[in-house]
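Just below is one structure, and these are the notes that go with it.
Below, read A as the first sequence line, B as the second, and so on, with proteins coming before strands; counting in each chain starts at 1.
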Amino acid sequence: MIKNKKGGTEVLETTIFIILNVVFVALLLIFVYNSKNGAIVYEDIYAKQIALIIDNAEPGMVIGINMETLLEKAEKNGISKEKTVSIKGNEVIVSLSENGGRGFSFFSDYDVEVNFVENFLEIKVKEKNE
Amino acid sequence: MNKKAGQKVLSAWWFFVLVIIAGGIVLSVLIYYGSEINVKKFESDVLGERIVRCIVENGELRADFSNSFDVFSECGIKKELFDKSTDFYFRISVFDDLNNLEYQIKQGDFSFENDCFNEKLVEARRYPKCSEKKEVLTLNGNKRKIVVLAASNQGINKLSNI
């Protein structure tokens, strides 16, 4: 009887030990997965991509970029499509959270307009005050 | 009794090891995903290409090119971004057929020129990345060589509560 009780305690201890280890590994995997899909990475990528496209463009050009991935992240974070990408002065600002965003400057001295057409970001590059 | 005490020590040690592993993984992930993507090289390439496209017309150097050529208005480049403490730099050099320097225009942070040279010797994250474009063309039938050096050291701007 005593032996059985001791055996039962050992099984319980081992089970708890294994559960704690599994929980630990799961938490680590969730952390790594969430970091991989984090807003910061996407804000960085898209701000730079859009700025470099603008720098490469000539006046009169209209460029479309597929923003499906970015919009999925924005939707998850409760950010509306229109708030994700904006142009302030010579800076492209991409924001995927309410806390802020990331900006990257372009050196082109043209008028630039951005707006969404479904999942595509339409970038219009025009001569100044055209 | 000894066995049980040994097990307790083992599990305490085991959790210590787990914490160390977790700390290592968390730190690595934060460093990896926290570091920004470096596009300085692409940006300097785009700037250099933009200037070359602007000063060369039909395989010839623009006839109005001189030391007073306004690169900013002619090439559609924002002048304010090339003022002091800027993240950009460019130098346009035009050599005649005897390889003598004929014209030179420099704008932006002049210190980048040394950094561009150092960039070839040492790898440093905070150094600007440079791009050099060389073209041989003609001006009124005479051979001209143009060298455009462009550099960028622009990083991401982290904004809070925009």
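- In this structure, B:Ile77 is not a member of the same hydrophobic cluster as B:Tyr89, with clusters built from ILVMFWY side-chain heavy atoms closer than 4.5 Å.
- Applying the 6.0 Å contact sphere to OH of B:Tyr32 captures no more than 12 heavy atoms from other residues, nucleotides or ligands.
- Residues of residues 20-27 of chain A that come closer than 4.5 Å to chain B, counting heavy atoms only, are A:Leu20, A:Asn21, A:Phe24, ordered by residue number.
- The neighbour count for B:Phe69 CZ, taken as heavy atoms of other residues, nucleotides or ligands under 6.0 Å away, is above 12.
- For B:Leu47, the parts sitting under 4.5 Å from any heavy atom of chain A are the backbone and the side chain alike.
- The distance from atom CG of B:Asp45 to atom CG of A:Leu52, rounded to the nearest 0.5 Å, is 10.5 Å.
- A single hydrophobic cluster is not seen to contain both B:Tyr103 and B:Val147; linkage of ILVMFWY side chains at heavy-atom distances under 4.5 Å, directly or through other members, places them apart.
- By the 4.5 Å heavy-atom criterion applied to side chains, B:Leu30 and A:Phe31 are counted as neighbours.
- Taking each heavy atom of B:Asn38 and A:Lys48 in turn, the nearest pair found is N-NZ, 4.5 Å.
- At least one side-chain heavy atom of B:Gln154 sits under 4.5 Å from a side-chain heavy atom of A:Ser105.
- Residue contact with chain B, scored on non-hydrogen atoms closer than 4.5 Å, involves the side chain of A:Asn90 exclusively.
- Between B:Trp14 and A:Phe17, the ring planes are tilted. Angles from 30° to 60° get that label.
- In this structure, chain A has a heavy atom under 4.5 Å from the side chain of B:Val29, while its backbone stays farther away.
- Summarising the local packing, CD of A:Glu75 is surrounded by 12 or fewer heavy atoms from other residues, nucleotides or ligands at distances under 6.0 Å.
- Only the side chain of B:Leu81 comes within contact range of chain A, with heavy atoms under 4.5 Å apart.
- In the displayed structure, A:Ile40 atom CD1 is contacted under 6.0 Å by at most 12 heavy atoms of other residues, nucleotides or ligands.
- Contacts between B:Phe72 and chain A at a heavy-atom distance below 4.5 Å are absent for every atom of the residue.
- Counting heavy-atom neighbours within 6.0 Å of A:Glu118 CD, excluding the residue itself, gives a total of 12 or less.
- Linking Ile, Leu, Val, Met, Phe, Trp and Tyr whenever their side-chain heavy atoms come within less than 4.5 Å puts A:Tyr110 and A:Met61 in one cluster.
- Under the 4.5 Å side-chain contact rule for hydrophobic residues, A:Met67 and A:Ile63 share a cluster.
- Within residues 50-58 of chain B, the residues having any heavy atom less than 4.5 Å from a heavy atom of chain A are, in residue-number order, B:Arg50, B:Arg53.
- Remark: the backbone N or O of B:Ile156 is not paired with any side-chain donor or acceptor of A:Asp44 at under 3.5 angstrom.
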Handout entry: side chain to side chain contact (heavy atoms under 4.5 Å, CB included) assessment of B:Asn157 paired with A:Arg102
Key = CA-CA 6 Å; B:Asn157 186 12; A:Arg102 297 202 159 206; over 6 Å; no
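- Atom CG of A:Asn56 is separated from atom CD of B:Glu43 by 10.5 Å, given to the nearest 0.5 angstrom.
- Hydrophobic clustering (side-chain heavy atoms under 4.5 Å, transitive across Ile, Leu, Val, Met, Phe, Trp, Tyr) groups A:Phe116 together with A:Ile123.
- Taking each heavy atom of A:Phe104 and B:Val39 in turn, the nearest pair found is CZ-CG2, 3.7 Å.
- Heavy atoms only, all atoms of each residue included: A:Gly103 and B:Leu159 are closest at N-CD1, 3.8 Å.
- Atom CZ of B:Phe16 is surrounded by 12 or fewer heavy atoms from other residues, nucleotides or ligands within 6.0 Å.
- Taking SG from B:Cys75 and CG from A:Asp109, the interatomic distance works out to 11.5 Å, rounded to the nearest 0.5 Å.
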